[in-house]
Amino acid sequence: MNEVLGRVTGLLPRSRDYEGLPRCWRADLIAGLTVAVVALPLALGFGITTGMGAQAGLITAVVAGLVAAVFGGSNVQVSGPTGAMTVVLVPIVARYGVDAVFTVGLIAGALIVVAALLRAGRYLAYVPWPVMEGFTVGIAVIIFLQQVPSALGVAKPAGENTLAVAVRALWRAPGTGKGAALAIVLLTAAVTVVAPRLHRSLPSSLLAVGGATAVTQLAHLDVRRIGALPSSLPAPHLPGLAVSRITDLFGAAMAVAALAAIESLLSAKVADGMSDGPGHDSDRELFGQGLANLVSPIFGGMPATGAIARTAVNVRAGARTRAAAAIHAVALLLVVLFAGPAVSKIPIAALAGVLMVTAVRMVERHNVAAVVRATWSDALVLGLTAGATIAFDLIVAIEIGVAVAAVLALRSIALATAATPSSIPVEVDDDGEHELLAEHIVAYRLDGALFFGAAQRFLTELTDVSDTRVVILRMPDLQVLDATGAQALGAIVTELEDRGITVLLKGLRPAHRQVLHAVGALDRLADERHVFDDLEAAITHARRHATRAGQQAVQPTAAR
């Protein structure tokens with residue numbers, strides 16, 4: 001009992017969450033308002049896409065955004081309705097109706113809270129990078145396809161599969177479509193793309209939606225509008241929870257919970273790389289997202305997750321504490337209270353245009369290209385995950401991606417083990433290099449396999465070095481290196497170099513050099529000449545660096 005209470009206490013908000021707020025409140029205020037401007041059209045669009053209506057998206061952004069900001073594990077994460085979640089919710093609405101989503105959200109929230117108490121956040125590290133990229137590509141394609149009926153001005157055809165629905169909408173368009181809707185989509189997309197090129201700080205989505213609304217009003221175009229919105233948050237109430245209903249919806253709730261956890265932790269991890277503040281707490285992040293998904297349905301909202309795009313805007317706008325995400329939620333609440341009539345006139349086609357551009361921007365083309373260039377197995381995993389996301393659903397896609405990655409990794413290990421049966425993933429070299437420790441040089445030998453299953457352990461062990469000026473990574477006996485392992489190695493190089501520790505690589509195989517080059521890991525070395533074929537040459541170079549670093553450390557002391 002005491003252990004459970006201790007875990008719960010460790011997940012609760014604390015005063016240091018707002019450390020530095022008296023100094024940076026202006027930056028947080030500006031960041032929060034900036035994110036609110038970006039979030040408004042997205043929240044409205046995602047609500048409409050699910051079939052729950054614009055008000056559900058807006059309520060989710062307010063309620064879930066505020067709860068996750070206070071209780072989550074990241075200081076800069078912004079939560080709310082996301083495109084990935086709509087991919088899961090659309091078939092639920094089609095099969096069970098809108099009311100089922102509220103029950104699904106409550107069950108999913110409870111499951112995520114339980115996952116936080118079980119400290120399950122750490123397991124995201126074992127999802128391979130190609131699976132994540134394929135997952136993102138598949139989601140982007142589905143979000144784009146979901147907007148096709150609105151973009152063509154046709155009623156949404158019946159069906160659960162997004163691709164099939166989009167094809168039916170295209171088939172109907174010549175007879176029943178509205179050219180005005182397509183014109184609004186093109187106008188919105190053009191403004192969204194061009195505005196940032198004129199000035200990076202312009203709120204492109206809001207400008208695009210505002211401009212499209214003005215054109216629609218002035219030209220009296222016959223297109224669908226959002227319609228009336230509530231002028232306040234609905235009173236909280238629990239949905240009907242019949243036992244038979246819960247049994248039917250439990251599988252859907254599991255899918256929602258898994259997606260909310262994975263996307264939120266992925267977004268928080270991305271935010272860590274963009275921000276210079278402390279990293280996120282995975283278990284607290286799950287706890288905050290679980291509470292957000294418990295509270296959102298009570299007010300009529302839909303399930304929510306951490307939103308990568310809005311989180312990135314928050315960080316770039318200068319956010320320092322979680323107050324920025326809370327301000328974003330409060331600003332959207334003010335829209336609900338005072339701007340409902342204006343928002344109701346927005347054409348749905350304008351939101352479709354914004355979401356189509358958002359879907360295209362979701363795909364990091366350089367990441368996809370890096371995975372495809374890395375190894376054929378990584379490219380296969382990415383392609384299968386993306387294809388399964390489009391053809392089936394997100395959870396099946398992740399299961400397929402992880403399973404295929406595991407099988408291919410085990411195949412590689414089996415082939416490598418046949419040649420080197422006693423291979424060891426990572427160990428400190430003991431063949432005469434211990435004498436280098438006195439010179440602040442550490443030599444590591446990498447044997448066996450560095451793939452997605454070992455990458456996180458490798459990252460933890462190697463970045464733990466202290467009182468070191470140069471690290472030599474000996475790699476001639478490394479048998480297996482995939483894209484995730486290469487990415488982890490690049491992250492290690494970046495972290496060590498940022499700490500003033502020079503990294504040298506020795507004995508790269510041509511195949512491994514190709515993978516490291518494809519993911520950009522070699523570009524993170526301080527100098528392109530820090531790759532050696534000969535150990536003695538690497539040690540000689542390391543000693544020069546260590547001596548120079550020692551002299552630079554002594555000079556300031558002598559000056560004092």
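Just so we're clear, the structure is a prediction, and the values are computed from it rather than from any experiment.
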Which is it for D498 and R524 under the salt bridge (Lys or Arg N to Asp or Glu O under 4.0 Å) test, yes or no, and what are the steps along the way?
-> CA-CA 10 Å; D498 288 346; R524 306 185 192 187; over 6 Å; no
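- In H199, the NE2 atom is not crowded: 12 or fewer heavy atoms of neighbouring residues, nucleotides or ligands sit closer than 6.0 Å.
- Here the options are H280, R310, E285, the test is side chain to side chain donor-acceptor pair (under 3.5 Å), and the partner is Q77; only E285 passes.
- Side-chain atoms of T305 and S264 include no donor-acceptor pair closer than 3.5 Å.
- M254 CE to L249 CG: the interatomic distance, rounded to the nearest 0.5 Å, is 13.5 Å.
- L508 contributes atom CG, which lies 12.5 Å from atom NE2 of H517 (distance to the nearest 0.5 angstrom).
- Q146 and T86 share a side-chain donor-acceptor pair at under 3.5 Å.
- Within a 6.0 Å sphere centred on CZ of F532, other residues, nucleotides and ligands contribute more than 12 heavy atoms.
- The pair D477-R509 does not meet the salt-bridge criterion, since no charged nitrogen lies less than 4.0 angstrom from a carboxylate oxygen.
- Separation of atoms CG (L505) and CZ (R513) is listed at 9.0 Å; rounding is to 0.5 Å.
- Looking only at atom types and distance, the side chain of S296 has no donor-acceptor partner in the side chain of N293 under 3.5 Å away.
- Rounding to the nearest 0.5 Å places CG of L66 at 11.0 Å from CG of L332.
- A side-chain donor-acceptor contact under 3.5 Å links Q147 to the backbone of I143.
- Side chain to side chain, S79 and Q289 meet the donor-acceptor criterion of an N or O pair below 3.5 Å.
- A donor atom on one side chain and an acceptor atom on the other are found under 3.5 Å apart for D28 and T321.
- Although no hydrogens or angles enter the test, the distance criterion places a donor-acceptor pair under 3.5 Å between the side chain of R322 and the main chain of A69.
- Atom-to-atom distance recorded for L504:CG and I501:CD1 is 12.0 Å, nearest 0.5 angstrom.
- Distance check, rounded to the nearest 0.5 Å: CG of L266 to CE of M132 gives 5.0 Å.
- The shortest non-hydrogen separation linking V76 to A319 is CG1-O, 4.0 Å.
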